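No experiment lies behind these values; they were computed from the predicted model shown. When reading the values below, keep in mind they use all heavy atoms of this one structure, side chains included, and skip hydrogens, waters and symmetry mates. All ligand and atom numbering here is 1-based and tracks the order in the structure.
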Amino acid sequence: MSATSPTIRATRTSDIQAAAQHARQGGLVALPTETVYGLGCHALNEAAIQAVFDAKERPLTDPLIVHVLESTEAYQLWEAGGEELSILKTLCDTFWPGPLTLVAKANDSVPKKLMAGTGFVAVRSPSHTIARSLLRAANIPMAAPSANKFGHVSPTTADHVFDDLKLEDVWILESSDDAPCHVGVESSVVKLETINGSFVLTMLRQGAISKTDLEQALTNVSNVSVRSEIKRATTDMTPNVAPGQTIRHYSPNIPSYMVSSHCPFHDKLKDAVVVDYQGRLAKWKIHVREYRDLGASSNVAAQNVFETLRWAERIPFSNYILFPQIIDHDHSADALTLALNDRLTRAASGVVIESLDDV
Ligand code: TXA
Ligand code: MG
């Protein structure tokens with residue numbers, strides 16, 4: 001190999017004990033979870049946290065989620081007592097292990113870098129067997145953002161992680177399952193705060209757990225309200241957007257657009273790859289370079305969406321990726337339809353086009 005050739009550094013393994021030891025010593029281990037692959041490290045080790053930010057090329061302003069085996073470990077990271085702790089306990093008991101991330105005030109044991117100086121720490125307990133085995137063997141809380149380069153499509157297989165992080169010093173845990181991440185989109189993220197003496201639970205990112213699921217879990221808890229405030233930035237610089245929720249996210253590396261249902265036929269379709277949902281753009285199938293439908297239901301589409309976006313960006317000689325609008329009105333859609341709409345809107349940088357003249 002010449003001196004200028006890139007060195008492939010990622011190591012692939014299915015040895016959980018060895019990977020756990022590597023993480024305990026400050027190494028990076030990519031692990032499958034039921035949502036997406038995470039890039040894990042010892043959550044209380046500052047150097048390891050920095051290495052995760054570096055490997056992902058992620059800005060230090062975007063905090064990391066901590067993964068724990070049991071909710072008791074989360075209570076040791078949060079600065080919560082009384083009513084606040086009992087709300088958190090209710091949510092953990094209802095939704096963990098599973099795709100809900102809880103953000104609450106952190107105590108002094110949590111490194112500032114992990115929280116991007118917010119004073120709030122995000123914690124979740126994953127349900128995936130490999131993630132749980134790794135956490136059990138390592139016996140540490142593990143920080144794990146999605147294991148993609150910052151801004152790129154989230155990974156749902158070991159191959160996706162390798163494609164993004166092959167030049168990084170990362171161990172990748174392989175799963176014998178071809179589709180290890182069965183939910184397919186990242187967890188719902190909610191933040192618990194006290195506002196004017198009342199508790200407010202705000203949904204920051206839509207995943208498989210809905211606002212209604214949260215409200216139902218908290219029916220018997222007084223003094224808490226749930227709100228959905230998934231703010232979208234129109235540019236990366238827009239203030240007051242939850243960290244990591246800027247619009248340019250999950251982007252394939254070729255221009256991607258959401259097309260309105262009124263968008264007419266255009267010659268440019270021959271250079272497009274269509275990623276459809278429930279046949280909304282099936283009329284274009286014979287005109288485009290490649291076409292795939294995500295599936296007939298939101299749970300199948302959520303499982304397929306990131307794999308399909310990664311497939312779409314690799315089609316040779318295509319100039320665009322096009323998706324249909326997923327929903328017209330948020331109200332009646334289920335959690336995974338909302339999540340799908342959110343991820344595809346972000347993949348298209350928030351742009352819905354009425355005509356292919358605009359691309
Ligand atoms: O499903 C998931 O959540 C996956 C798997 C690996 O667990 N992880 C994941 O991590 O999606 P990441 O880092 O790609 O997304 C975490 C989101 C980011 O939008 C981040 O800004 C937000 O959670 N977050 C983390 N800590 C936060 C905090 N202290 N306050 C507000 N938002 C926070
Ligand atoms: Mg991510």
Side-chain angles (χ1 to χ4, degrees), residues 28-41 43 49 52-53 55-68 74 77-79 95-106 110-128 130-132 134-135 141-156 160-161 164 173 180-193 201-209 229-233 240-251 302 306 336 339 342-343 346-347:
L28 308 194
V29 177
L31 63 149
T33 82
E34 71 279 21
T35 58
V36 299
Y37 252 85
L39 179 58
C41 77
I49 295 165
V52 165
F53 278 103
K56 274 184 65 79
E57 298 173 53
R58 174 163 168 146
L60 289 167
T61 48
D62 194 351
L64 307 185
I65 297 176
V66 180
H67 293 63
V68 294
L77 301 171
W78 288 320
E79 181 72 64
F95 297 107
W96 284 6
L100 179 70
T101 296
L102 293 166
V103 180
K105 256 212 157 63
V110 184
K112 289 197 172 53
K113 184 169 288 205
L114 178 116
M115 304 182 279
T118 57
F120 283 77
V121 64
V123 193
R124 121 175 160 87
S125 182
S127 64
H128 195 287
I130 295 179
R132 296 190 72 72
L134 179 71
L135 286 166
M142 289 187 71
S146 52
N148 49 288
K149 286 284 182 185
F150 180 70
H152 194 216
V153 177
S154 292
T156 51
H160 296 166
V161 179
D164 276 21
L173 268 178
C181 303
H182 71 264
V183 176
V185 291
E186 305 85 343
S187 59
S188 295
V189 178
V190 296
K191 181 174 183 179
L192 185 63
E193 289 171 283
L201 190 65
T202 308
M203 178 96 90
L204 302 179
R205 181 176 69 188
Q206 178 73 60
I209 309 290
E229 202 178 66
I230 303 169
K231 287 190 182 161
R232 293 221 177 92
N240 301 323
V241 169
Q245 294 303 300
T246 49
I247 197 75
R248 229 192 60 225
H249 235 86
Y250 310 105
S251 295
F306 291 141
L336 284 173
D342 173 77
R343 303 312 188 269
R346 288 174 201 283

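Minimum heavy-atom separation, Pro180 to Pro32: CB-CB, 4.1 Å.
Each of the following atoms of ligand 1 lies closer than 4.0 Å to a heavy atom of Pro145: 10 (O), 12 (P), 13 (O). Listed by atom number, the atoms of ligand 1 under 4.0 Å from Val103 heavy atoms are 28 (C), 29 (N), 30 (N). Counting the atoms of ligand 1 from 1 in the order shown, those under 4.0 Å from a heavy atom of Ala122 are 25 (C), 26 (N), 27 (C).
Within the set Met142, Arg205, Arg58, the minimum heavy-atom distance to atom 17 (C) of ligand 1 is found for Arg205.
Under the 4.0 Å criterion applied to side-chain N and carboxylate O atoms, Arg124 and Glu186 are not assigned as salt-bridge partners.
Polar contact check, Thr33 against ligand 1: no nitrogen or oxygen pair lies under 3.5 Å apart. Looking at His67 next to ligand 1, an N or O pair under 3.5 Å apart turns up. Between Thr35 and ligand 1, an N or O atom pair is found at a separation short of 3.5 Å. An N or O contact shorter than 3.5 Å links Ser187 to ligand 1 by distance. In terms of polar-atom proximity, Ile65 is not counted as a contact of ligand 1, lacking any N or O under 3.5 Å from an N or O of the ligand.
Judged purely by distance below 3.5 Å, without hydrogens or angles, the side chains of Ser187 and Thr35 never pair a donor atom with an acceptor atom.
Ligand 1 has Ala144 within reach: a non-hydrogen atom of the residue lies less than 4.0 Å from it. Ligand 1 has at least one atom lying under 4.0 Å from a heavy atom of Arg124.
A cation-pi arrangement is not found for Lys113 relative to Phe53, the charged atom failing to lie both closer than 6.0 Å to the ring centre and inside a 45° cone about the ring normal.
Under the 4.5 Å side-chain criterion, counting only non-hydrogen atoms from C-beta, Asn148 is not in contact with Val153. Residues Leu192 and Leu102 are not in side-chain contact: their nearest non-hydrogen atoms beyond the backbone lie 4.5 Å or more apart.
Taking backbone and side chain together, Ser146 holds an N, O or S atom under 2.8 Å from the Mg ion (ligand 2).
Ile209 contributes atom CD1, which lies 6.0 Å from atom CG of Leu100 (distance to the nearest 0.5 angstrom).
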